[in-house]
*Asks:* 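Questions regarding the structure given below will be posed in turn.
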Amino acid sequence: MSVRRAASRVVGTLVSLGMVAVLGFFLFRVLPGDPVLTLTRGRPVTPGEVARLRHEFGLDRPLVTQFVDYAASLLRGDLGRSYFYDQPVARLIAERVGPTLLLTGAALVLSVSLGVWLGQRAGWRRGSAFDRAATAAAVVGWSVPAFWLGLLLLMAFGGPLPTGGMVTPGSDASGAALAWDVARHLVLPALTLAAVQFAQYTLTMRASVLGELGEGYLTTARAKGLPEDGVRARHVLPNALLPTVTLVFLMLGQVIGGAIAVESVFSWPGLGYLAYQALSAPDLPLLQGTFLVFSATAVVSNALADVVYRLIDPRLRGT
């Protein structure tokens with residue numbers, strides 16, 4: 001990648017992040033209801049106490065003043081203080097990053113592995129029963145909402161497997177026992193997230209393999225006496241993988257964003273569940289912080305996808 005293009009990409013990414021920050025501030029200010037009244041519902045509070053809380057949260061100031069303060073704090077790396085938890089938003093997000101990365105990482109490995117395997121076999125055996133079954137499974141997986149599939153898995157496997165949380169409540173397990181407990185809790189949410197993500201890898205890989213089947217280098221490889229499995233593994237797959245590798249980076253932001261529904265269904269203590277709780281409050285600083293993290297992940301992932309594609313595709317190197 002040329003220096004000029006790299007600089008342009010960095011500037012574009014910074015501009016996108018700035019627009020995300022602005023959108024995140026104003027987007028949640030149009031939510032119906034008063035955050036203070038919602039937070040104090042069911043409690044005997046006086047109008048004076050409500051006014052004091054509004055002043056403490058800065059909600060009694062003009063919207064422009066609130067935005068200027070928000071932007072200044074953001075430039076200092078301060079994401080504000082949560083209304084509900086009464087803790088810095090940055091600390092709350094940092095505590096939830098680990099569980100979300102564990103969930104999305106496991107789902108990503110499962111979905112990419114399954115999608116690449118199904119896609120390359122389906123494309124290589126175009127028109128076969130396997131091809132039709134794999135394509136149908138991918139289309140169904142693409143169409144099913146994550147929260148609905150999660151509820152189905154809860155009803156089907158809620159007995160043998162844990163249905164919520166990351167560890168068994170009250171457990172004092174450590175070491176291997178703790179790892180096993182977390183792994184059991186991870187099964188259902190990871191399967192749910194992987195099931196709605198593998199479809200895109202399957203269809204992309206299948207299309208890439210089909211695009212390679214008519215290339216002349218396959219005829220040359222066969223003329224050299226290579227078996228069909230060798231032709232597929234040594235010649236077709238390396239070229240067909242290029243779009244799929246790029247898709248992995250493009251999907252990173254969507255995978256983390258998609259964890260909101262899955263974490264909410266399974267009460268997985270990650271960023272998605274934190275965002276759901278913030279929306280229920282509504283906790284404006286926490287909503288802004290989680291929205292910024294999710295959106296920044298998508299923006300950075302798109303930038304990385306462009307860089308990676310140029311690194312792995314010789315035709316684009318130096319452009």
Side-chain angles (χ1 to χ4, degrees), residues 16-43 45 49-104 146-147 164-166 189 193 253-300:
S16 298
L17 291 176
M19 294 177 64
V20 163
V22 174
L23 177 63
F25 176 84
F26 290 102
L27 177 65
F28 299 116
R29 291 304 189 282
V30 299
L31 289 176
D34 188 325
V36 174
L37 295 179
T38 306
L39 286 169
T40 57
R41 62 179 178 266
R43 303 176 185 175
V45 293
E49 290 174 325
V50 171
R52 180 184 61 80
L53 286 175
R54 287 184 57 83
H55 178 73
E56 181 181 335
F57 295 157
L59 298 175
D60 58 345
R61 291 176 294 175
L63 187 61
V64 175
T65 303
Q66 293 182 45
F67 175 73
V68 171
D69 292 342
Y70 162 75
S73 298
L74 198 59
L75 290 175
R76 296 193 304 268
D78 181 7
L79 298 179
R81 193 171 187 86
S82 167
Y83 298 163
F84 183 79
Y85 291 98
D86 194 26
Q87 296 182 36
V89 171
R91 180 191 301 170
L92 291 170
I93 290 177
E95 292 173 350
R96 304 296 185 99
V97 167
T100 292
L101 290 179
L102 177 61
L103 172 60
T104 56
F147 73 90
M166 187 173 173
L193 194 55
Q254 295 186 33
V255 171
I256 294 179
I260 296 177
V262 175
E263 289 184 2
S264 300
V265 170
F266 293 97
S267 300
W268 185 263
L271 287 175
Y273 191 45
L274 185 66
Y276 170 76
Q277 292 174 315
L279 187 61
S280 301
D283 191 331
L284 297 184
L286 193 53
L287 277 173
Q288 291 166 180
T290 52
F291 176 79
L292 185 61
V293 170
F294 289 136
S295 302
T297 302
V299 171
V300 174

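Note: hydrogens, waters and symmetry copies are ignored here, and every other heavy atom, side chains too, is used.
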*Asks:* Are more than 12 heavy atoms, taken from residues, nucleotides or ligands other than Y85, located less than 6.0 Å from that residue's OH atom?
*Replies:*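 More than 12 within 6.0 Å, yes.
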
*Asks:* Is there side-chain contact between L286 and Y83, with heavy atoms separated by less than 4.5 Å?
*Replies:*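 L286 does not reach Y83 side chain to side chain.
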
*Asks:* Hey, does T290 have a side-chain heavy atom less than 4.5 Å from the side chain of Y276?
*Replies:*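 They are not in contact (no side-chain heavy atoms under 4.5 Å apart), so the answer is no.
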
*Asks:* Identify the heavy atoms of G270 and P99 that sit nearest to each other, and give their distance.
*Replies:*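 Smallest interatomic distance, heavy atoms only, reads CA-CB, 4.1 Å.
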
*Asks:* How close do L92 and S82 get, counting heavy atoms only, and between which atoms?
*Replies:*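 Heavy atoms of L92 and S82 come nearest at CD1-CB, 3.7 Å.
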
*Asks:* If we only count heavy atoms from C-beta on, is the L271 to F294 side-chain gap below 4.5 Å?
*Replies:*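 Yes, side chains in contact.
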
*Asks:* Going from CZ on R81 to CG on D283, what distance comes out if it is rounded to the nearest 0.5 angstrom?
*Replies:*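 Going from CZ on R81 over to CG on D283, the span is 11.5 Å.
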
*Asks:* Between W268 and V262, is there a donor-acceptor pair closer than 3.5 Å when you use the side chain of the first and the backbone of the second?
*Replies:*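 Checked: no pair found.
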
*Asks:* Got a second to check how far L292's CG is from Q288's CD, nearest 0.5 Å?
*Replies:*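 That separation rounds to 9.0 Å.
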
*Asks:* Could you go through the side chain to side chain contact (heavy atoms under 4.5 Å, CB included) check for E263 and L274 one step at a time?
*Replies:* CA-CA 9 Å; E263 289 184 2; L274 185 66; over 6 Å; no

*Asks:* Do you know the tightest heavy-atom contact between V89 and G289?
*Replies:*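 Smallest interatomic distance, heavy atoms only, reads CG1-CA, 4.1 Å.
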
*Asks:* Distance from F57 atom CZ to Q66 atom CD, nearest 0.5 Å?
*Replies:*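 Answer rounded to 0.5 Å: 12.5 Å.
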
*Asks:* Could you check if a side-chain atom of D69 sits within less than 4.5 angstrom of a side-chain atom of R61, using non-hydrogen atoms only?
*Replies:*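 Yes - at least one pair of side-chain heavy atoms lies under 4.5 Å apart.
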
*Asks:* Residues two or more places apart in sequence or in another chain: which of them pass salt bridge (Lys or Arg N to Asp or Glu O under 4.0 Å) with R52?
*Replies:*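 By the salt bridge (Lys or Arg N to Asp or Glu O under 4.0 Å) rule, R52 matches E56.
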
*Asks:* Under 4.5 Å between any side-chain heavy atoms of V293 and V97, yes or no?
*Replies:*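 Side chain of V293 against side chain of V97, heavy atoms only: no contact under 4.5 Å found.
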
*Asks:* Compare every heavy atom of L287 with every heavy atom of A275, then report the nearest pair and how far apart it is.
*Replies:*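 Heavy atoms only, the tightest pair is O-CD2, 3.9 Å.
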
*Asks:* For the residue pair F147 and S264, establish whether any side-chain heavy-atom pair is separated by less than 4.5 Å.
*Replies:*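 They are not in contact (no side-chain heavy atoms under 4.5 Å apart), so the answer is no.
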
*Asks:* After noting the C-alpha distance and the side-chain angles of L193 and F266, does the key distance pass the side chain to side chain contact (heavy atoms under 4.5 Å, CB included) rule?
*Replies:* CA-CA 11 Å; L193 194 55; F266 293 97; over 6 Å; no

*Asks:* If you round to the nearest 0.5 Å, how far is OG of S16 from CG of L23?
*Replies:*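 With rounding to 0.5 Å, CG (L23) is 12.0 Å from OG (S16).
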
*Asks:* What I'd like to find out is whether the side chain of F291 reaches to under 4.5 Å of the side chain of V20, using heavy atoms alone.
*Replies:*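 Sidechains of V20 and F291: in contact.
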
*Asks:* Hey, can you tell me if Y70 and F67 have their rings parallel, tilted or perpendicular (30° and 60° cut-offs)?
*Replies:*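 Answer is tilted, since the angle falls between 30° and 60°.
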
*Asks:* Decide yes or no for L102 and M166: does some side-chain heavy atom of the first lie under 4.5 Å from some side-chain heavy atom of the second?
*Replies:*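 They are in contact (side-chain heavy atoms under 4.5 Å apart), so the answer is yes.
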
*Asks:* In Å and rounded to the nearest 0.5 Å, what is the CZ to CG distance from R54 to D60?
*Replies:*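 So the CZ of R54 and the CG of D60 are separated by 6.5 Å.
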
